[in-house]
Amino acid sequence: MRRPEPARLAPAEATAPFALDSADVTTGTEATKLPAQYNPGEVEARRYEAWVAAGYFRADAEAAAPSFTIVIPPPNVTGSLHIGHALDHTLIDALVRRRRMQGYNTLWLPGMDHAGIATQNVVERELAKDGLSRHDLGREAFVDRVWQWKAESGGRILGQMRRLGDSVDWSRERFTMDAGLSRAVQTMFKRLYTDGLIYQAERIINWCPRCLTALSDIEVEHSDDDGELVSIRYGDGDGEIVVATTRVETMLGDTAVAVHPDDPRYAHLVGKQIELPLTGRRIPVVADPHVDPEFGTGAVKVTPAHDPDDFEIGRRHDLPSLVIMDERGVITAGGPFQGLDRFEARPAVLAALRAEGRVVAERRPYLHAVGHCSRCGTTVEPRLSLQWFVKVEPLAKAAGDAVRDGRVRIYPQEMAARYFDWVDDMHDWCISRQLWWGHRIPIWYGPNGEVVCVGPDDAAPAGEGWRQDPDVLDTWFSSGLWPFSTLGWPDDTPDLRAFYPTSVLVTGYDILFFWVARMMLFGLYAMSDRQPEDAVPFRQVALHGLVRDQFGKKMSKTRGNTVDPLDWIDRFGADATRFTLARGATPGGDVAVSEEWVAGARNFCNKLWNAVRFAQLNGVGADSAADSAGLPPASSLTAVDRWILSRLAAVTAEVDALFDQFEFAKACDALYHFAWDEVCDWYLELAKPALAGAAGLAGPVQAGNGLAGNGPGDTAADATRRVLGEVLDRLLRLIHPLLPFVTEELWTALTGRESVVIARWPGQVADGAAESLPVLPTDPAAETEISALMRLVTEVRRFRSDQGLRPGQQVPARLTGIATTSLADHESRIRALLRLSEPGADFSPTATLHAEDVTIELDTAARIDVEAERKRLAKDLAAAEAEIQGVERKLANASFVERAPAEVVAKNRARLAAAQQEVARLTERIAALPGAAADAPNDSGERPA
RNA sequence: GGGCUCUUAGCUCAGCGGUUAGAGCGUCCGGCUUACACCCGGAAGGUCCACGGUUCGAACCCGUGAGAGCCCACCA
């Protein structure tokens with residue numbers, strides 16, 4: 001049922017003397033008419049490509065304006081973006097878009113991470129589908145294959161970023177393995193190597209027998225797994241010691257038993273050799289302070305080649321390291337267990353020991369922490385091997401200090417504690433990986449044992465017998481350089497000068513250690529020639545949480561509750577998807593989302609859409625939507641107009657502050673409620689009478705009804721149109737960072753100007769970067785007046801609803817009260833909001849309304865549900881009486897009056913007075929109800945002075 | 001084994017020392033009101049995990065206990 005479009009007034013001759021700023025210059029296109037519903041699919045792609053084409057996202061290294069930089073947490077090229085990326089990108093984009101509008105020279109640098117082990121695993125899985133392994137292809141062909149994968153996956157990711165609306169500078173896109181970054185990696189490696197901060201050593205490292213590579217400590221995930229603790233009797237006639245272990249098979253590699261030096265139980269055995277079961281070998285008993293005499297039997301079997309602790313003990317006592325397993329976890333010790341997998345060997349060895357009567361006790365299940373490969377879940381095997389390490393202590397010290405002394409601030413602050421825990425107690429970082437996909441370690445070995453580190457500008461050693469280290473670097477080595485390698489480091493480029501340090505790092509708390517800490521280590525080291533405050537990789541770190549489902553459960557493929565951001569974008573729009581995520585994003589907090597949330601966000605977009613549509617239908621055009629320099633003087637505005645401008649000013653300031661604190665959820669909430677409740681539900685409704693008068697929709701504005709009063713009807717209407725235009729204009733700018741697409745569509749339609757992307761921000765702006773918009777006037781008096789009006793209307797509606805009256809029906813009541821203004825001033829608005837079509841006894845314009853005391857005087861002749869009314873009044877009365885009791889008790893307390901702040905006491909006094917009035921009023925009304933008996937609660941006579 | 005966090009309306013969460021503890025979604029009631037039914041109006045729903053303490057005053061601070069989660073960890 002289409003309704004006839006109301007005739008639209010020609011926009012009042014564009015006489016408006018509004019000061020347009022150059023960035024906002026109109027394109028001359030006339031404001032377009034909008035359909036009744038927002039259709040995101042239709043506008044998003046078109047808008048995005050237009051933005052890119054216009055170059056809005058390009059940063060300028062030579063610009064005079066202060067810069068604002070964010071480097072993207074580079075997504076892994078393992079597939080496509082998940083909802084967590086969408087959250088991250090939404091928050092970054094919101095920050096970046098606001099800064100751009102504030103006049104900063106803004107750079108959001110996009111790119112991707114080669115993600116060494118993760119990507120290699122993915123491609124290996126692909127190959128496995130064809131029954132191939134990487135070894136079938138050979139190193140070179142395999143790496144080619146991964147590049148091919150990277151092209152596909154990367155393309156997918158970039159497409160997703162465009163769909164999300166990410167305002168990245170595409171001209172600066174980087175990849176951790178592109179030529180420039182590889183150069184940075186090599187430079188960094190050589191520098192660290194030369195400084196003695198990279199070294200090679202034979203150590204026990206975490207080894208994944210499936211990925212066949214070393215792992216760093218943080219690539220190992222611990223979980224409490226069921227195992228069994230077996231106590232085994234070592235030795236025989238030569239003396240006995242019982243040891244306990246959860247990894248029985250490792251006893252094949254034992255080369256000692258250790259006890260505490262002060263342990264009297266074993267003192268006589270220290271230095272002796274005892275028999276190691278099953279092997280026919282004899283091993284020494286050594287005394288080592290590391291052994292805890294309280295734990296178990298106080299004796300430990302020592303397997304230097306397969307346990308980091310034991311390795312240390314072995315070093316201290318000069319024990320041999322006996323390797324009994326190969327890289328796949330298969331026993332190589334010889335004997336009956338030769339060729340068994342470690343998990344087959346375990347029961348086999350146990351059975352053999354049992355057969356020999358060596359097993360003293362078995363405890364199962366025995367819960368203990370077991371390390372797993374974070375990429376494939378395989379149980380990690382400690383393994384003795386030659387690897388490269390970064391000596392982190394000196395680097396970590398600097399990284400800790402930068403946060404301690406405030407050069408880098410972490411949000412939320414509580415997360416800093418975790419950061420310190422880690423950075424202050426970090427083991428050396430194993431950086432070599434036995435993989436093919438990644439940055440090859442720039443070390444060459446010569447025929448005579450030479451070891452040469454090759455920098456990016458060095459020629460690799462040539463000649464017979466030279467070969468490069470086959471390993472690659474941990475993927476986090478290159479991502480640790482990301483904030484400066486992407487800007488051209490090691491060269492002193494204009495980009496590096498302009499955009500480093502970056503401003504904010506926005507990422508999930510889950511990679512605080514993996515990534516954030518590494519960037520700190522490397523950034524401070526690489527930039528150590530700068531002033532300390534400018535050496536940091538970023539000034540702020542804003543951590544967000546994980547995206548969870550509507551029950552707060554972690555999303556996982558096995559649980560089947562994952563969300564594909566593209567699916568939501570397709571069905572609800574990018575803006576709705578973004579808003580849903582941002583709305584849940586408290587600093588460091590996880591975000592619970594569900595489809596209903598997204599639908600709600602979609603509805604919000606539609607609400608904005610219709611607000612603008614309404615404005616347009618009411619003659620708000622490009623001439624009305626301008627800077628507030630063009631606003632009529634406050635004296636010629638209605639209280640309603642002054643109220644909404646005042647509220648807008650407050651909300652603008654609030655949103656600014658919230659953005660600065662990374663309080664996205666609160667910013668969204670503030671905008672949502674302001675836009676929906678205050679602008680749409682109240683302001684538009686309150687403005688209707690005036691606008692109707694002007695647009696000829698409902699007859700002329702009646703003279704003398706007090707609408708802003710003075711002058712011919714349309715002056716008031718015109719003023720309201722301008723205010724409405726101004727409010728929507730600014731509101732759209734304010735929401736744009738979060739909802740870039742709808743706001744662009746609406747803002748350009750409303751104002752006829754080029755793009756809101758480059759429009760001025762309505763709040764604070766960068767120092768000297770741009771002129772700000774004129775500050776809106778605040779008006780506390782108008783706010784008080786309108787909130788009284790709102791209360792009045794609400795009260796009547798409530799009454800009507802209680803009474804079961806149809807909204808179209810007249811209120812059988814008389815309205816009184818409101819001190820700040822005459823009720824008559826608002827008659828047309830009250831009539832409109834309450835749908836009082838005809839004047840009559842139901843409305844008495846001469847009465848006054850009291851702000852704190854909105855009164856409905858019942859017309860006793862009307863048919864009302866007396867019982868319902870009595871019930872309601874009784875309930876209100878009870879609440880008011882409870883209030884009085886509480887406050888009176890408080891005020892009766894001498895300590896409170898003396899010790900509480902004066903304003904708190906005053907506030908309570910006011911509350912008491914208000915409540916007492918309320919009680920009196922309610923009592924009267926109850927008494928006045930038809931058929932009121934004498935038993936009406938009677939507290940009157942207690943009126944305050 | 002250390003460290004951190006959480007427990008508030010049916011669900012997901014705000015609030016973190018002074019209003020009658022809030023929001024979204026859900027629920028109930030009433031409405032095709034010429035921007036929007038992706039809407040409008042109204043309402044119901046909470047011993048703020050328990051117990052103790054500090055305070056004039058506690059959902060908020062401090063203990064203790066019970067549940068849940070996260071991070072770190074070389075205790076065999």
Side-chain angles (χ1 to χ4, degrees), chain A residues 1 3-6 34 36-38 204 217-218 222 229 243-247 258 290-292 295-297 299-303 307-312 368-369 382 414-415 417-418 421-422 425 427 509-510 512-513 548-552 572 583-584 586 588-594 596-597 599-600 602-618 665-666 669 672-673 680-681 684-685 688 692 697-698 794 797-802 804-808 832-833 835 879-880 882-883 886-887 890 893-901 903-904 907-908 910-911 915:
Chain A
M1 24 144 267
R3 292 154 184 154
E5 290 251 317
L34 303 170
Q37 214 165 68
Y38 174 52
I204 298 273
D217 289 345
I218 52 172
H222 294 270
L229 183 68
V243 298
T245 180
T246 53
R247 292 159 66 217
H290 173 264
V291 178
D292 175 4
F295 188 91
T297 58
V300 187
K301 61 191 272 307
V302 181
T303 324
D307 184 279
D309 276 337
D310 295 3
F311 181 74
E312 290 305 318
H368 67 305
E414 303 90 78
M415 292 283 183
R418 281 193 197 180
D421 282 350
W422 193 72
D425 185 30
H427 297 296
Y509 59 71
D510 53 327
L512 183 62
F513 304 138
R548 294 168 177 274
D549 73 8
Q550 71 261 48
F551 305 113
F572 301 102
R583 203 178 184 190
T586 57
D590 290 345
V591 182
V593 295
S594 80
E596 287 82 64
W597 287 201
R602 188 252 340 252
N603 297 352
F604 180 51
C605 295
N606 197 236
K607 193 70 185 172
L608 294 173
W609 182 265
N610 274 286
V612 171
R613 195 163 151 260
F614 169 82
Q616 286 202 329
L617 293 172
N618 283 283
K666 286 180 189 165
D669 220 48
Y672 181 91
H673 284 114
C680 291
D681 289 347
L684 294 187
E685 295 304 323
K688 272 177 183 174
L697 296 178
T794 301
R797 284 171 174 166
R798 189 165 80 131
F799 172 78
R800 204 145 50 177
S801 180
D802 280 353
L805 300 170
R806 313 229 122 218
L833 286 166
R835 321 222 157 270
E883 169 91 359
V887 180
K890 221 181 217 183
N893 185 333
S895 311
F896 170 72
V897 178
E898 277 164 33
R899 308 181 59 171
E903 72 261 26
V904 173
K907 211 148 114 192
N908 278 280
R911 269 175 62 196

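Naming: A, B, ... by sequence-line order, numbering from 1 per chain. In this text, all values refer to a predicted model and were calculated from it rather than measured experimentally.
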Subject >> Closest listed nucleotide, where the reference is the side chain of A:Glu883 and the choices are B:rU19, B:rG18, B:rC70 >> reply: B:rU19
Subject >> 5' priority, RNA chain B, between A:Val593 and A:Asn603 [closest heavy atom] >> reply: A:Val593
Original post:
Does some side-chain heavy atom of A:Tyr509 sit less than 4.5 Å from a side-chain heavy atom of A:Asp590?
Top reply: yes
Original post:
Do A:Leu608 and A:Tyr38 touch side chain to side chain, with heavy atoms closer than 4.5 Å?
Top reply: no
Subject >> Gap between atoms CG and P, on A:Asn908 and B:rG57 respectively (whole Å) >> reply: 14 Å
Original post:
If you check the A:Phe551 side chain, which of B:rC11, B:rA76, B:rC71 turns out closest?
Top reply: B:rC11
**OP:** Figure out the NZ/P separation between A:Lys890 and B:rU19, and round it to whole Å.
**Re:** 6 Å
Subject >> Short side-chain N/O contact to B:rC40 OP1/OP2 from A:Lys607, under 4.0 Å >> reply: yes
Subject >> A:Arg418 side chain, from C-beta outward: closest of B:rU12, B:rC71, B:rG41 >> reply: B:rC71
Original post:
What class does the angle between the rings of A:Phe513 and A:Trp422 fall in, given that below 30° is parallel, 30 to 60° is tilted and above 60° is perpendicular?
Top reply: parallel
Original post:
So what does A:Pro901 hit on the nucleic acid, given a heavy-atom distance under 4.0 Å: a base, only sugar-phosphate, or nothing?
Top reply: base
**OP:** Find which nucleotide of RNA chain B each of A:Asn610 and A:Glu596 is nearest to by heavy atoms, and output the residue with the more 5' nucleotide.
**Re:** A:Glu596
Subject >> Between B:rU27 and B:rA68 - C1' atom distance, rounded Å >> reply: 28 Å
Subject >> Any strand: nucleotide that pairs with B:rC36 via Watson-Crick or wobble, under 3.5 Å >> reply: none
Subject >> Gap in Å between the two P atoms, one belonging to B:rU12 and one to B:rG1, rounded >> reply: 30 Å
Original post:
Less than 4.5 Å apart, any side-chain heavy atom of A:Asp421 and any of A:Asp425?
Top reply: no
**OP:** Would you mind telling me which of B:rA73, B:rA76, B:rC25 lies closest to the side-chain atoms of A:Asp292?
**Re:** B:rA76
Subject >> A:His290, nearest nucleotide to its side chain (from B:rC74, B:rG18, B:rA73) >> reply: B:rC74
Original post:
A:Ala611 near the nucleic acid: base, sugar-phosphate alone, or nothing, with a heavy-atom cut-off under 4.0 Å?
Top reply: base
Original post:
Heavy-atom distance under 4.5 Å between the side chains of A:Asp681 and A:Lys607, does that happen here?
Top reply: yes
Original post:
With side chains defined as the heavy atoms from C-beta onward, is the minimum distance between A:Arg418 and A:Leu512 less than 4.5 Å?
Top reply: yes
Subject >> B:rA59 and B:rG2, which share atom name P, separated by this distance in whole Å >> reply: 33 Å
Original post:
With rounding to whole Å, what would you report as the distance between B:rC62 and B:rC70 at their C1' atoms?
Top reply: 24 Å
**OP:** Could you check whether A:Ile204 gets within reach of a base, just the sugar-phosphate, or nothing at all, counting any heavy atom under 4.0 Å?
**Re:** nothing
Subject >> Separation between the C1' atoms of B:rU8 and B:rA23, rounded to whole Å >> reply: 13 Å
Original post:
Nearest to the side chain of A:Asp309, which nucleotide is it out of B:rA35, B:rC74, B:rG18?
Top reply: B:rC74
Original post:
What's the closest nucleotide to the A:His222 side chain, out of B:rC71, B:rC74, B:rG18?
Top reply: B:rC74
Subject >> B:rA9 pairs with, by Watson-Crick or G-U criteria that keep both distances under 3.5 Å >> reply: none
**OP:** Could you work out which one of B:rA35, B:rA76, B:rG41 sits closest to the side chain of A:Arg797?
**Re:** B:rG41
**OP:** Calculate the interatomic distance between A:Phe604 atom CZ and B:rA23 atom P; express it in whole Å.
**Re:** 17 Å
Original post:
Rounded to the Å, how far apart are A:Arg602 CZ and B:rA37 P?
Top reply: 12 Å
Subject >> Distance, P atom - from B:rG22 to B:rA35, rounded to whole angstrom >> reply: 33 Å
**OP:** Have a look at A:Glu898 and say if it touches a base, only the backbone sugar-phosphate, or nothing, with a 4.0 Å heavy-atom cut-off.
**Re:** nothing
Original post:
Considering Watson-Crick and G-U wobble pairs with both distances under 3.5 Å, what does B:rU47 pair with?
Top reply: none
Subject >> Pairing partner (Watson-Crick or G-U wobble, both distances under 3.5 angstrom) of B:rG41 >> reply: B:rC29
Original post:
Rounded to whole angstroms, how far apart are CG on A:Asp510 and C1' on B:rC4?
Top reply: 16 Å
**OP:** For A:Glu903 and B:rG17, give me the distance from atom CD to atom C1', rounded to whole Å.
**Re:** 14 Å
**OP:** Verify the contact: side-chain N or O of A:His427 to OP1 or OP2 of B:rC74, cut-off strictly under 4.0 Å; return yes or no.
**Re:** yes
**OP:** Evaluate the side-chain proximity of A:Val591 to A:Arg583: yes if any heavy-atom separation is below 4.5 Å, no if none is.
**Re:** no
Original post:
Does a nitrogen or oxygen in the side chain of A:Lys666 sit under 4.0 Å from OP1 or OP2 of B:rA23?
Top reply: no
Original post:
Is A:His673 touching bases, backbone alone, or none of the nucleic acid, heavy atoms closer than 4.0 Å?
Top reply: sugar-phosphate
Original post:
Heavy atoms under 4.0 Å, any strand shown: does A:Ala879 hit a base, just sugar-phosphate, or nothing?
Top reply: nothing
Original post:
At under 4.0 Å between heavy atoms, what does A:Tyr38 touch on the DNA or RNA strands: base, sugar-phosphate, or nothing?
Top reply: nothing
**OP:** Can you tell me, in whole Å, how much space there is between the P of B:rC16 and that of B:rC6?
**Re:** 13 Å
Original post:
Roughly, in whole Å, what's the span from CH2 in A:Trp597 to C1' in B:rA23?
Top reply: 11 Å
Subject >> Complement of B:rC61, any strand, by Watson-Crick or G-U distances under 3.5 angstrom >> reply: B:rG53
**OP:** Identify whether any heavy atom of A:Thr794 sits under 4.0 Å from a base atom; if not, whether one sits that close to sugar-phosphate; answer base, sugar-phosphate or nothing.
**Re:** sugar-phosphate
Original post:
Is the closest basic N to carboxylate O distance between A:Lys301 and A:Asp310 below 4.0 Å?
Top reply: no
**OP:** For B:rC38 versus B:rG18, give the span between their C1' atoms, rounded off to a whole number of Å.
**Re:** 41 Å
**OP:** Please state how far atom CZ in A:Arg798 lies from atom C1' in B:rG30, giving the value in whole angstrom units.
**Re:** 16 Å
**OP:** Could you check whether A:Cys605 gets within reach of a base, just the sugar-phosphate, or nothing at all, counting any heavy atom under 4.0 Å?
**Re:** nothing
Subject >> Sugar-phosphate only, base, or nothing, as touched by A:Ala882 at under 4.0 Å among non-hydrogen atoms >> reply: nothing
Original post:
Can you check whether A:His290 reaches A:Asp309 side chain to side chain, under 4.5 Å on heavy atoms?
Top reply: yes
